[in-house]
Amino acid sequence: MLLKSLALASVLAVLCHAQPTNVKILPFVDSSLPIKFREIIAEAAPKVPSNLASYAFAIDLSVPVSTSQLQCIKQAGYSVAFVRAYNPAGQGSFDANACTTIQNAYYAGLGTEVYMTPQPASAKQGYQQLDEIYQGFTARGITIRAIWIQVTSPTNWPSNANTNVNFINSILSRARQYGMTVGIYTSYYDWNQITNGWSSVGSDVLLWYWNVLGGGVNGETPATFTDFRPFGCWSVPSVKQFAQVEQVCQITVNRDVYAAGSMLKASDAVEDGKIYAGGFVTGNQ
């Protein structure tokens, strides 16, 4: 859904070194992905089923996407794109590519959600990293209504759970000050390892959980919430990432489902001439 401290160029350099000529390297490899897929060929994703009336489909990505590509994604049956707005490389920085992707998604008729992959090892506090996102979007005429915080890959976080809780809480507090809806992207294992099962995150915080068996089509789990088990403060999820490293319209993405009927319309992305991002997936809570 999804996605830390290694610079993208460094990761690609490692991946490209001494690779056999018959191995296809992904167009992007995000070191923060919950599972490291080093030599996976991104297969074409199966078609979105038409018989799951209770669920709608989304994709999440961390690379720039054109309007035509997003139109193709829309036509393939997806309603929302989760777009990364914070790059954890180095000390962490606002990903300005998110602005163009969000604008393109609006013209393609797709709703957008914004997620950040924070850098917990940065000298910048969590709230400062969120400030960068808020200011970056504001400067480009985009109003952000919601933010999803990626809390995955325990090895990229400090070993002290209290330190991690304070870091996450500083982002949550700042988001609430901005009036944003807040969600967490994590898993049962990640949350317990990183926060020691922190259960007082807040009843207003939505959950986007991931559960895959591996990269590609063979690693998919059911595109439903039937495998969810409560953890932290959550008894009900809002979004599930059920597939990672697949191709939709020739773009390598992760795939997600959320409760149908829990979103705004794509036409709600513009108000008074301004583009709004986030708040499309409103959850079941």
J.: Asn192 and Gly197: which non-hydrogen atoms are nearest, and at how many Å?
T.: OD1-CA, 3.2 Å
J.: Taking all non-hydrogen atoms of both residues into account, name the closest pair between Val201 and Arg176 and its distance.
T.: O-NH2, 3.1 Å
J.: Do Phe137 and Phe94 have ring centroids that are under 6.0 Å from one another?
T.: yes
J.: Checking Tyr55 side chain against Phe225 main chain: does a donor-acceptor pair fall under 3.5 Å?
T.: yes
J.: Given 3.5 Å as the limit, does a donor-acceptor pair link the side chain of Asn196 with the main chain of Asn162, or not?
T.: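 Answer holds: no.
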J.: Checking Gln103 now: which residues fulfil side chain to side chain contact (heavy atoms under 4.5 Å, CB included) with it, not counting sequence neighbours?
T.: Ile142, Ile275
J.: Exactly one of Asp227, Asp256, Thr226 should register a side-chain hydrogen bond (donor to acceptor under 3.5 Å, both in side chains) with Lys240. Which one does?
T.: Asp227
J.: Do Phe242 and Val217 belong to the same hydrophobic cluster, where Ile, Leu, Val, Met, Phe, Trp and Tyr are linked whenever their side-chain heavy atoms lie under 4.5 Å apart, directly or via other members?
T.: no
J.: Restricting to non-hydrogen atoms, name the atom on Gly232 and the atom on Ser199 that form the minimum distance, rounded to 0.1 Å.
T.: O-CB, 3.6 Å
J.: Within a strict 4.5 Å, meaning less than it, do heavy atoms of the Ile102 and Val114 side chains meet?
T.: yes
J.: Looking at Tyr86 and Gly92, would you say the former's side chain and the latter's main chain have a donor-acceptor pair under 3.5 Å?
T.: yes
J.: Is there a side-chain contact between Asn164 and Pro158 in this structure, where contact means two heavy atoms from C-beta onward sitting under 4.5 Å apart?
T.: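 Touching, per the 4.5 Å side-chain cut-off.
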J.: With a 4.5 Å limit on heavy-atom distance, are the side chains of Trp234 and Tyr209 in contact?
T.: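 Not in contact.
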J.: Is it the case that Trp157 and Thr155 place a side-chain donor and acceptor less than 3.5 Å from each other?
T.: no
J.: Hey, does the side chain of Thr101 reach the backbone of Asn97 with a donor-acceptor pair shorter than 3.5 angstrom?
T.: yes
J.: Ignoring hydrogens and angles, tell me if any N or O in the side chain of Lys124 forms a donor-acceptor pair with the backbone of Gln119 under 3.5 Å.
T.: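 Answer holds: no.
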J.: Between Asp131 and Tyr178, do the side chains contain a donor N or O and an acceptor N or O under 3.5 Å apart?
T.: yes
J.: Counting distance only, does the side-chain N/O of Thr117 pair as donor-acceptor with the main-chain N or O of Gln150 below 3.5 Å?
T.: no
J.: Heavy-atom distance under 4.5 Å between the side chains of Trp148 and Val239, does that happen here?
T.: yes
J.: Indicate whether any N or O donor in one side chain lies under 3.5 Å from an N or O acceptor in the other, for Trp210 and Asp190.
T.: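 Present: a donor and an acceptor within the cut-off.
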J.: Nearest 0.5 angstrom please: Thr152 OG1 to Gln193 CD, how far?
T.: 13.0 Å
J.: Report the distance from atom CZ of Phe280 to atom CZ of Arg145, rounding to the nearest 0.5 Å.
T.: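 Here the interatomic distance stands at 5.0 Å.
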J.: Determine the minimum heavy-atom distance between Arg140 and Gly136, stating which atoms define it.
T.: NH1-O, 2.8 Å
J.: Quick one: CG on Asp95 to OG1 on Thr100, what's the gap to the nearest 0.5 Å?
T.: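 Those atoms lie 9.5 Å apart.
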J.: Would you say the side-chain atoms of Asn104 pair up with the backbone N or O of Val65, donor to acceptor, closer than 3.5 Å?
T.: yes
J.: Would a distance-only check, ignoring hydrogens and angles, find a side-chain to backbone donor-acceptor pair under 3.5 Å from Thr186 to Val151?
T.: yes
J.: How far does OG1 of Thr195 sit from CD1 of Ile184, to the nearest 0.5 angstrom?
T.: 9.0 Å
J.: What is the ring orientation for Phe231 with Phe228, classed by angle as parallel under 30°, tilted 30 to 60°, or perpendicular over 60°?
T.: tilted
J.: What's the spacing between Glu246 CD and Asn218 CG if we round to 0.5 Å?
T.: 9.5 Å
J.: Spell out, yes or no, whether Tyr188 and Ile194 are grouped together once hydrophobic residues are joined by side-chain heavy atoms under 4.5 Å, including indirect joins.
T.: yes
J.: Heavy atoms only: give me the nearest Ile144-Tyr134 pair and the separation to one decimal.
T.: CG2-CD1, 4.0 Å
J.: Quick check against the 3.5 Å criterion: does Ser170 have a side-chain atom that pairs as donor or acceptor with the backbone of Phe167?
T.: yes
J.: Might you point out which heavy atoms bring Thr224 and Val257 nearest each other, and give the distance in Å?
T.: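 Nearest heavy atoms, Thr224 then Val257: N-CG2, 4.2 Å.
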J.: Can you tell me how far CD1 of Ile149 sits from OH of Tyr115, rounded to the nearest 0.5 angstrom?
T.: 14.0 Å
J.: Please determine whether residues Val165 and Ile147 belong to a single hydrophobic cluster, defined as Ile, Leu, Val, Met, Phe, Trp and Tyr linked transitively by side-chain heavy-atom distances below 4.5 Å.
T.: yes
J.: Does the side-chain contact (heavy atoms from CB on, under 4.5 Å) test come out yes or no for Met116 and Leu130, once each step is laid out?
T.: CA-CA 8 Å; Met116 67 180 295; Leu130 182 60; 4.2 Å; yes
J.: Taking Gly279's backbone N and O only, do any of them form a donor-acceptor pair with Glu113's side chain (distance below 3.5 Å, no angle check)?
T.: yes
